[in-house]
A.B. asks: 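Let me begin by handing over the structure; questions about it come next.
Order of the sequence lines fixes the chain letters, A, B, ..., with proteins taken first and strands second; residue numbering starts at 1 for each chain.
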There are 2 protein chains.
Amino acid sequence: MNTVASAAPYHHGDLRRALLDSATAILTETGRWDFSLREVARRAGVSHAASYRHFTDKEALIAAVALTGYETLHTRMTTAIDEATGAVGTLRAIGQAYIGFGVANPALYRLMFGQALPSIEGLPPAVLAVLTEARAVLRGVILAGARAGAFTIDPEDEQEVSVAVVTAWSLVHGFTLLTIDRVVDREVRPQVIDALAARVAERLITGLLPTQGRK
Amino acid sequence: MNTVASAAPYHHGDLRRALLDSATAILTETGRWDFSLREVARRAGVSHAASYRHFTDKEALIAAVALTGYETLHTRMTTAIDEATGAVGTLRAIGQAYIGFGVANPALYRLMFGQALPSIEGLPPAVLAVLTEARAVLRGVILAGARAGAFTIDPEDEQEVSVAVVTAWSLVHGFTLLTIDRVVDREVRPQVIDALAARVAERLITGLLPTQGRK
DNA sequence: GCGGTGTGTTGACGGTGGTAACATTGAGCG
DNA sequence: CGCTCAATGTTACCACCGTCAACACACCGC
């Protein structure tokens, strides 16, 4: 009866996947993350209560969508790393991949980092794991750069490394959100976001001060 | 009948203000920005439809709350500037004020920058005005520093100044959100956020590279 | 062939944002 | 002083939402 080609093992086939697909479709089409469960179900051609066989909660559905987002973000970052060379180049690549993902999927990005949960904690462990993994990747890049002497960071000083990680992540996260929210737009009107992102990243790398010590 | 001392010009007195107060109270108490209009009205001791005499929409109420947030943020920034000296010192002060505000009012901050609107555009003009003003303040600080020769920025190069503005704002915005969302917490476990914020800011100012040119 | 379990449906409940019709009350004006 | 009227607040209602319980079906192993 169904026009879908692939196998239909159970009643619907793979409703869980279908629901996730519907949700992400709404996300990208409308740009809003505050969709209704019923709309997702409707779109999947299924009754409004069917989702509860696959997700305990609306929040669980959202968390599952976020998880897919974290996963693709993570893979984009790692592939970007693989294709880059040098500490600074790798840092640039990873930042570009991150920002590129966020700008390409604004609603998903905001769902991942913006909303439905009181805090990141309380999320399913799988979600936290991927998130932690992504941070570990960034830390690894910075640590490698520090060990290679490319940065002014003592690789043995854990705190110093952490500060650098937080700094880089903050910059990239903040830039992504400001861009998504069109706050930046009015300031710069960049033809290409990439160019602006690159210059912002450069500012982080080179700093603001004239080339000499601090303070 | 009312225990409130001040005048009660109309039926309730100043329902608009009361509703805003209720909303902010819920915001700070529960930490959630997705309250219901009816709860706000209930808390103000008024029927749920009364709010529509003062706000066209739930979104309008939220925007009004956000507006108060932007205003206090703006004043905190300007007073911080007044009390600071030197370009770098001023930049530090403004960043600290910004982060301090966000961390002290997490739910409000997320409401201001996180949520209910497809994008920042489409907000009431008053909101946009204050937001723009806040950015202008930051730009002024950076421009002054550039003119004084404190930064490696050509004050005549508008684009370069803009890049610096976006960079600083992105950093501070991202750091605030990561802190609020407890993402940073697990990485560093800072006893005092201020200390971490200061070190992050320092990283922006001094950059990552060993003290020499770029690339 | 048959029971049972996994899957989807129907229908209901309380709560929500929003609207319309009605009630009240204070202010302006004779 | 009393009337009107517009501003403010209330009641009643709508469609929709998230969630749950009861029911229907269909495929599984036996």
Side-chain angles (χ1 to χ4, degrees), chain A residues 1-4 6-23 25-27 30 32-66 107 111 115-118 122-124, chain B residues 1-4 6-23 25-27 30 32-66 107 111 115-118 122-124:
Chain A
M1 193 79 67
N2 244 333
T3 57
V4 179
S6 68
Y10 288 107
H11 269 188
H12 169 103
D14 190 354
L15 217 183
R16 188 190 153 90
R17 168 68 47 169
L19 289 173
L20 287 179
D21 289 349
S22 299
I26 294 173
L27 216 49
T30 71
R32 300 194 61 97
W33 68 94
D34 57 344
F35 47 78
S36 71
L37 260 192
R38 288 166 117 102
E39 188 183 351
V40 174
R42 234 175 276 135
R43 193 165 189 130
V46 102
S47 200
H48 67 272
S51 12
Y52 287 90
R53 300 292 173 192
H54 301 272
F55 303 98
T56 68
D57 227 335
K58 183 184 183 181
E59 200 167 302
L61 205 202
I62 291 181
V65 174
L111 180 145
Q115 64 3 324
L117 324 140
L123 286 180
Chain B
M1 193 78 67
N2 245 333
T3 58
V4 179
S6 69
Y10 286 109
H11 270 189
H12 169 103
D14 190 355
L15 215 185
R16 189 191 152 89
R17 168 67 47 167
L19 290 173
L20 287 178
D21 289 349
S22 299
I26 294 173
L27 214 50
T30 70
R32 300 194 61 95
W33 68 96
D34 57 344
F35 48 77
S36 71
L37 259 192
R38 289 167 116 102
E39 187 183 352
V40 173
R42 234 175 276 134
R43 194 166 188 129
V46 101
S47 199
H48 71 273
S51 14
Y52 289 91
R53 300 292 173 192
H54 302 271
F55 303 97
T56 67
D57 226 336
K58 182 184 185 183
E59 200 166 303
L61 206 203
I62 291 181
V65 173
L111 180 146
Q115 66 0 327
L117 325 140
L123 285 179

A.B. asks: Between Leu20(A) and Val65(A), what is the shortest heavy-atom contact and its length?
C.D. replies: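 The answer is CD2-CG2, 3.8 Å.
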
A.B. asks: For Arg32(B) and dT16(C), give me the distance from atom CZ to atom P, rounded to whole Å.
C.D. replies: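 So the two atoms are 14 Å apart, to the nearest Å.
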
A.B. asks: Reckon His54(B) has a side-chain N or O less than 4.0 Å from the OP1 or OP2 of dG9(D)?
C.D. replies: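 Looking at the OP1 and OP2 atoms of dG9(D), one of them is under 4.0 Å from a side-chain N or O of His54(B).
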
A.B. asks: Quick one: which protein N/O atoms are closer than 3.5 Å to N/O atoms of nucleotides 12-14 of chain D? Pair and distance per line, please.
C.D. replies:
residue: dA12(D); atom: N6; partner: His48(B); partner atom: NE2; Å: 3.4

A.B. asks: What heavy-atom pair brings Ala50(B) and Leu15(B) nearest, and what distance separates the two atoms?
C.D. replies: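 Closest heavy-atom pair between Ala50(B) and Leu15(B): CB-CD1, 4.0 Å.
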
A.B. asks: For dG8(C) and Ser47(A) - does any side-chain N or O of the residue sit under 4.0 Å from the phosphate oxygens OP1/OP2?
C.D. replies: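 For Ser47(A), the contact criterion (side-chain N or O under 4.0 Å from OP1 or OP2 of dG8(C)) is not met.
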
A.B. asks: Looking at every non-hydrogen atom in both residues, tell me the closest pair between Leu27(B) and Arg32(B) and how far apart they are.
C.D. replies: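 Nearest pair, atom of Leu27(B) first, then Arg32(B): CD1-O, 3.2 Å.
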
A.B. asks: To the nearest 0.5 angstrom, please state how far the CG atom of Leu61(A) sits from the OG1 atom of Thr56(A).
C.D. replies: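 Output value for this atom pair is 9.5 Å.
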
A.B. asks: To the nearest angstrom, how far is Asp34(A) atom CG from dG17(C) atom P?
C.D. replies: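 To the nearest whole Å, that distance equals 13 Å.
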
A.B. asks: Measure from CZ on Arg16(A) to P on dT7(C) and round the result to the nearest Å.
C.D. replies: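 Value for this atom pair: 12 Å.
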
A.B. asks: Nucleotides 3-5 of chain C: which of its N/O atoms have a protein N/O under 3.5 Å away?
C.D. replies:
none

A.B. asks: Rounded to whole Å, how long is the line connecting atom CG of Leu15(B) with atom C1' of dT8(D)?
C.D. replies: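 Rounding to the nearest Å, CG of Leu15(B) and C1' of dT8(D) are 9 Å apart.
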
A.B. asks: Base, sugar-phosphate, or nothing: which does Arg42(A) touch, judged by heavy atoms less than 4.0 Å apart?
C.D. replies: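 Sugar-phosphate, backbone atoms only, no base.
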
A.B. asks: Rounded to whole Å, please give me the gap between CG in Leu61(A) and C1' in dT19(D).
C.D. replies: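 Distance check: Leu61(A) CG to dT19(D) C1' gives 14 Å.
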
A.B. asks: Looking only at non-hydrogen atoms, find the nearest pair between Ala64(B) and Arg16(B) and report the distance.
C.D. replies: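 Distance-wise, the nearest heavy atoms are CB-NH2, 4.2 Å.
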
A.B. asks: Which atom pairs, donor and acceptor, lie under 3.5 Å between side-chain atoms of residues 35-49 of chain A and protein residues at least two apart or in another chain?
C.D. replies:
residue: Ser36(A); atom: OG; partner: Glu39(A); partner atom: N; Å: 3.0
residue: Arg43(A); atom: NH2; partner: Glu29(A); partner atom: OE1; Å: 2.6
residue: Arg43(A); atom: NH2; partner: Glu29(A); partner atom: OE2; Å: 2.6

A.B. asks: Look at the side-chain N and O atoms of Arg53(B) and state whether any lies under 4.0 Å from the OP1 or OP2 oxygen of dT24(C).
C.D. replies: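 Answer no for this pair, as no side-chain N or O of Arg53(B) is under 4.0 Å from OP1 or OP2.
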
A.B. asks: Could you state the CG-C1' distance from Asp57(B) to dG17(C), rounded to the nearest angstrom?
C.D. replies: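 Going from CG in Asp57(B) over to C1' in dG17(C) covers 9 Å.
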
A.B. asks: To the nearest angstrom, how far is Asp14(B) atom CG from dG9(D) atom P?
C.D. replies: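 Atom CG in Asp14(B) sits about 9 Å away from atom P in dG9(D).
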
A.B. asks: Judged by each residue's nearest nucleotide on DNA chain D, which is more toward the 5′ side, Glu39(A) or Ala50(B)?
C.D. replies: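 The residue closer to the strand's 5' end, by nearest nucleotide, is Ala50(B).
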
A.B. asks: Leu19(A) has an atom CG; how far is it from atom P of dT9(C), in whole Å?
C.D. replies: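 Computing the Leu19(A):CG to dT9(C):P distance gives 11 Å.
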
